[in-house]
Amino acid sequence: MLYHPDKHRDPELKRQAEQLFNLVHQAYEVLSDPQSRAIYDIYGKRGLDVDGWEVVERKRTPVEIREEFERLQREREERRLQQRTNPKGMISVGVDATDLFDRYEEDYEDVPGGGFPHVEINKMHISQSIEAPLTTSDTAVLSGSLSTHNGNGGGNINLLPSAVFYATVGPLVFYLAIQRLVIRPYVRAQKEQDLEKHRESSASDIARKRQEAESAVLLMQESVRRIIETEESKMGLIILNAWYGKFVTDNSQRHERAKVIDVTVPLQCLVKDSKLILTEATKSGLPGFYDPCVGEEKSLKVLYQFQGVMHQVLSPEEEALRIPKQCRDTDLPLVS
């Protein structure tokens, strides 16, 4: 209703309304169909292309589509772990079975009461290795091994548990140390580089979403004015200020710049019967919102008035929000 072109007389507003109304229509076509919605929930817009419909032919119900996706996710995680650490282990055992095969020799003399052939283990080798990627071209290999031969080298059945510990757990301990001191800092720096590349590659998409959000805010003005009049008449819910994005609260991050956008109008437009309810989902997809800091942690900060009292609430990105909810809000003195 808000974006319907017939509700706007201004030619520019009508043009912007038509663009947003078409997006709403496309979304409705996808979300109103159970199969296409299941594909979208799992694969996003890419899943609606040819590959997505191939999934539907193979797994026809939404439940089966999700089950297939979860199974593939588990397999990818297992492959990723294997590729990352590439654990390798080997146990070799030397068996002396001479007495067993001597019985087939022509000159073998069977001793009465000799019983079963004598077979013994005379050597054993245990090794284990784990790889720790340091850079895209360098890899550290942590390994351990134990060998025993005819009782030498600490090899007998009683020492086997200890041997297994030093040959397997030892390299793992070293790997965890390298993980904390070398790998994690490298991965952190790599993520920053990847994030910057992602921002550059998605710059045009972000600009488009920003334009759509600004157009939506313009189209909301008249509706918001009526909502505020209604809420003021009953001392209901008035959104005084609202910001969405990255807030700098840690003193160690004071050098960083806050990256937020004003979402006062979009939030007030969502107020109904003196309530604002947001579900557990990313807030950048709300009407009039866009992502001001792609790939970074975001939250929503709202300053509102309800029943003549001012409140403030901070909501994490994908956490549900319901206001007024006095028990979790910070009461502020009413400013005249």
Side-chain angles (χ1 to χ4, degrees), residues 1-4 7-10 13 16-17 20-21 23-24 27-28 31 209-210 212-251 253-254 257-293 296-336:
M1 292 289 291
L2 180 66
Y3 297 149
H4 200 289
K7 293 180 65 65
H8 304 279
R9 297 180 180 179
D10 183 273
L13 291 180
Q16 295 178 358
L20 294 175
F21 189 79
L23 293 177
V24 173
Y28 177 79
L31 300 180
K209 291 183 181 299
R210 177 176 180 175
E212 292 175 357
E214 292 174 349
S215 297
V217 171
L218 288 176
L219 297 171
M220 292 175 182
Q221 297 293 336
E222 182 61 27
S223 295
V224 167
R225 184 186 64 79
R226 293 196 299 268
I227 292 172
I228 291 177
E229 288 179 355
T230 302
E231 293 297 322
E232 285 180 338
S233 67
K234 55 184 178 182
M235 296 185 67
L237 177 58
I238 306 296
I239 306 298
L240 301 175
N241 289 108
W243 304 271
Y244 170 68
K246 179 181 179 181
F247 296 89
V248 179
T249 56
D250 190 345
N251 290 331
Q253 299 178 332
R254 288 297 180 186
R257 181 173 60 88
K259 304 172 185 176
V260 298
I261 58 174
D262 189 323
V263 292
T264 306
V265 171
L267 279 191
Q268 186 69 67
C269 193
L270 294 174
V271 171
K272 184 177 182 181
D273 297 329
S274 299
K275 296 183 181 65
L276 174 65
I277 301 175
L278 304 180
T279 58
E280 295 180 354
T282 174
K283 296 176 175 61
S284 62
L286 293 172
F289 281 59
Y290 68 93
D291 193 340
C293 46
E296 299 186 63
E297 185 176 342
K298 292 174 283 290
S299 55
L300 174 66
K301 188 175 184 179
V302 185
L303 178 66
Y304 69 92
Q305 180 176 299
F306 180 71
Q307 297 295 312
V309 180
M310 291 178 62
H311 305 272
Q312 180 175 285
V313 63
L314 185 66
S315 174
E317 165 69 321
E318 297 192 1
E319 183 175 297
L321 174 65
R322 180 187 178 94
I323 57 177
K325 191 174 183 181
Q326 307 271 350
C327 61
R328 292 188 59 185
D329 298 344
T330 302
D331 289 340
L332 300 175
L334 182 61
V335 178
S336 59

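Keep in mind the model is a prediction, meaning the values are calculated, not measured.
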What residues, two or more places apart in sequence or in another chain, satisfy side chain to side chain contact (heavy atoms under 4.5 Å, CB included) together with [X]?
X: T230; answer: K234
X: A213; answer: Y290
X: E318; answer: T282

Distance, nearest 0.5 Å, that separates OG of S315 from NZ of K301 |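 Output value for this atom pair is 13.5 Å.
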Mind checking the NE2-CD1 spacing from H311 to I323? Nearest 0.5 Å is all I need.
->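 Between atom NE2 of H311 and atom CD1 of I323 there are 9.5 Å.
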Check [X] against [Y] and note the closest heavy-atom contact, atom names and distance.
X: V302; Y: L300; result: CG2-CG, 3.8 Å
X: P292; Y: I261; result: CB-CG2, 3.8 Å
X: Y3; Y: A216; result: OH-CB, 3.3 Å
X: G308; Y: M235; result: N-CE, 3.6 Å

Among all residues two or more places apart in sequence or in another chain, which pass the salt bridge (charged side-chain N to carboxylate O under 4.0 Å, His left out) test with R226?
->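 So R226 forms a salt bridge (charged side-chain N to carboxylate O under 4.0 Å, His left out) with E222.
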Report the residues that fulfil salt bridge (charged side-chain N to carboxylate O under 4.0 Å, His left out) with E212, sequence neighbours left out, ordered by chain and then residue number.
->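 With neighbours one apart ignored, the set is R208.
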Only counting residues at least two apart or in another chain, list the ones meeting ring pair (Phe, Tyr, Trp, His ring centres under 6.0 Å) with F21.
->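 Partners of F21 by the ring pair (Phe, Tyr, Trp, His ring centres under 6.0 Å) criterion, ordered by chain and then number, come out as H4.
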Look at the side chain of E317 and the backbone N and O of K283, then say whether any donor-acceptor pair between them is shorter than 3.5 Å.
->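 Yes; judged by distance alone, with no hydrogens or angles, the pair exists.
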Is the backbone of V260 close enough, under 3.5 Å, to the side chain of K298 for a donor and an acceptor to pair up by distance?
->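 A pair under 3.5 Å: no.
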Sub-4.5 Å side-chain heavy-atom contact between M220 and P287 =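 Contact flag for M220/P287 side chains = yes.
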Given side chains that start at C-beta, do those of D291 and K209 come closer than 4.5 Å, heavy atoms only?
->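 D291 does not reach K209 side chain to side chain.
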Can you give each donor-acceptor pair under 3.5 Å made by side-chain atoms of residues 262-279, sequence neighbours left out, with the distance rounded to 0.1 Å?
{"unit_1": "D262", "atom_1": "OD1", "unit_2": "T264", "atom_2": "N", "d": "2.9"}
{"unit_1": "D262", "atom_1": "OD1", "unit_2": "T264", "atom_2": "OG1", "d": "2.7"}
{"unit_1": "T264", "atom_1": "OG1", "unit_2": "A242", "atom_2": "N", "d": "3.0"}
{"unit_1": "Q268", "atom_1": "OE1", "unit_2": "I239", "atom_2": "N", "d": "2.7"}
{"unit_1": "Q268", "atom_1": "NE2", "unit_2": "L237", "atom_2": "O", "d": "3.4"}
{"unit_1": "S274", "atom_1": "OG", "unit_2": "E231", "atom_2": "OE1", "d": "2.7"}

Could you tell me whether E280 atom CD has more than 12 heavy atoms of other residues or ligands within 6.0 Å of it?
->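 No - once you tally the heavy atoms of other residues, nucleotides and ligands closer than 6.0 Å, there are 12 at most.
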With sequence neighbours excluded, residues passing side chain to side chain donor-acceptor pair (under 3.5 Å) with [X]:
X: Q221; value: none
X: E214; value: R210
X: E297; value: none

